[in-house]
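This report refers to the structure that appears directly beneath it.
The first residue in the sequence is number 1, and the count goes up from there. FYI, side chains are in, hydrogens and waters are out, and symmetry mates aren't considered; it's all heavy atoms of this structure. Since the structure is predicted, the reported quantities are computational estimates derived from the model, not experimental observations.
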Amino acid sequence: MAKGERKRALRGRAGRMKGGRGSGRASAGAVRLWGRHAVEAALLNPERNHRKLWATREGIASLDGDLPADFPLEYAEVTDLARLVAKDAPHQGLVLECDPLEDVFLDEVLGGEANRPLVVLDQVTDPHNVGAIMRSAVAFGAGAIVTQDRHAPAEGGVLGKSASGALERLPWVRVVNLSRAMEEMAEAGYWRIGLTGSAEATLGEALPTGPVALVLGAEGDGMRHNITGHCDALAKLPISDAMESLNVSNAAAVALYAVATRRLTE
């Protein structure tokens, strides 16, 4: 069956969303994602168990590939989809409910490619920031993102939309004790660099030739004292005095670029 014919056949079999459905919350134990890049990446991720896709016809047409004929798809109007997502969220005609990703453990990523940096986030809780950091981490070849389980955003639509597909591609390690996790990184040979504007050295001066873990704290408070104490070095980005600091996601992107540039010149 040709691609266009298959899509028409699929549309003909799909159900239609009943008026008034939707609470904006995912079913128990499920994750709800929205937006074309986030949904398409999740659909292509073989590690995802998909429960249901709500979509407009335009949303389905925007996807690059075809859905299986038996995929749980229900067509809906734009106003119906708005009730399935966070307030004013740009769903782009696609809302997917699926199971959460399987847990990733620290020892799994520590045994990976040593030239790919780790990104450690200390109580960065804004899902927009964490999603943007994930996007930069994938763009610049990071090996994983590591957060504390209790002080990080949940896997979900806001984070997924901000990550623009990176949620499906970047290993996300959630740990109970971030300090202990950093000790394990050191034991595996990673040089832990904490980013702070109060440091004397710049990131370029502090970068070693071996494996690197970049550590960033929450905006405003920065890294906690105990996390700072678990860093091998502290470094700042060489920004102009005209600007006090960068947003944490922007700082992560600049730092990841610096590591990627060093990797290309080694």
Contacts of Thr196 that satisfy side chain to side chain donor-acceptor pair (under 3.5 Å) - sequence neighbours left out: Ser198
Contacts of Asp232 that satisfy salt bridge (charged side-chain N to carboxylate O under 4.0 Å, His left out) - sequence neighbours left out: Arg192
Same apolar cluster (I L V M F W Y, side chains within < 4.5 Å links), Leu214/Tyr257: yes
Heavy-atom pair with the smallest gap, counting every atom of Leu101 and Leu167: CD1-O, 3.6 Å
Leu96 CG to Leu84 CG distance, which is reported to the nearest 0.5 Å: 11.5 Å
Student check: side-chain heavy atoms of Leu63 and Leu94 closer than 4.5 Å: yes
Which atom of Leu73 lies closest to which atom of Ala55, heavy atoms considered: CD1-CB, 4.1 Å
Backbone of Gly59 reached by a side-chain donor or acceptor of Ser62 within 3.5 Å: yes
Distance-minimising heavy-atom pair for Ala252 and Ile133: CB-CG1, 3.9 Å
By salt bridge (charged side-chain N to carboxylate O under 4.0 Å, His left out) - contacts of Glu187 (at least two apart): Arg180
Presence of salt bridge, Arg174 and Glu102, under 4.0 angstrom: no
Tyr75 side, atom OH; Thr56 side, atom OG1 - distance, nearest 0.5 Å: 8.5 Å
Heavy-atom side-chain contact between Leu207 and Leu203 under 4.5 Å: yes
Considering all heavy atoms, the nearest Ala206-Trp191 contact: O-NE1, 3.8 Å
Ile239 side, atom CD1; Leu246 side, atom CG - distance, nearest 0.5 Å: 4.5 Å
Glu184: partners by side chain to side chain donor-acceptor pair (under 3.5 Å), with sequence neighbours left out: none
Residues forming a salt bridge (charged side-chain N to carboxylate O under 4.0 Å, His left out) with Arg135, sequence neighbours excluded: none
Co-members of Met223 in a cluster of I, L, V, M, F, W and Y side chains, linked at under 4.5 Å: Val104, Leu106, Val109, Leu110, Leu118, Val120, Val146, Val173, Val175, Leu178, Met182, Met185, Tyr190, Val215, Ile227, Leu234
Nearest-0.5 Å distance that lies between atom CZ in Arg150 and atom CG in Asn177: 9.5 Å
Donor on one side chain, acceptor on other, Glu97 and Ser27, under 3.5 Å: yes
4.5 Å side-chain heavy-atom contact, Trp54 and Asp80: no
Qualifying residues under salt bridge (charged side-chain N to carboxylate O under 4.0 Å, His left out), relative to Arg51, sequence neighbours excluded: Asp99
Other cluster members, Phe105 - Ile/Leu/Val/Met/Phe/Trp/Tyr, side-chain contacts below 4.5 Å: none
Residues forming a side chain to side chain donor-acceptor pair (under 3.5 Å) with Asn226, sequence neighbours excluded: Ser179
From Leu121 atom CG to Met134 atom CE, the distance as rounded to the nearest 0.5 Å: 8.5 Å
Pro153 side chain reached by Asp126 side chain, heavy atoms, under 4.5 Å: no
Shortest non-hydrogen contact between Ala142 and Val119, atoms and distance: CB-CG2, 4.3 Å
Whether Glu40 side chain and His37 backbone form a donor-acceptor pair below 3.5 Å: no
Same cluster (ILVMFWY, side-chain, under 4.5 Å), Leu44 and Leu170: no
Close side-chain approach of Asn45 to Arg169, heavy-atom, < 4.5 Å: no
Residue pairs involving residues 206-224 (criterion salt bridge (charged side-chain N to carboxylate O under 4.0 Å, His left out); sequence neighbours excluded): Asp122-Arg224
Heavy-atom closest contact (Pro100 atom, Gly29 atom, distance): CD-O, 3.2 Å
By ring-ring contact (aromatic ring centres under 6.0 Å, His included) - contacts of His50 (at least two apart): Phe71
Non-neighbouring partners of Arg116 that pass side chain to side chain donor-acceptor pair (under 3.5 Å), sequence neighbours left out: none
Atom pair SG (Cys98) and CG (Leu33), whose distance is rounded to the nearest 0.5 Å: 4.5 Å
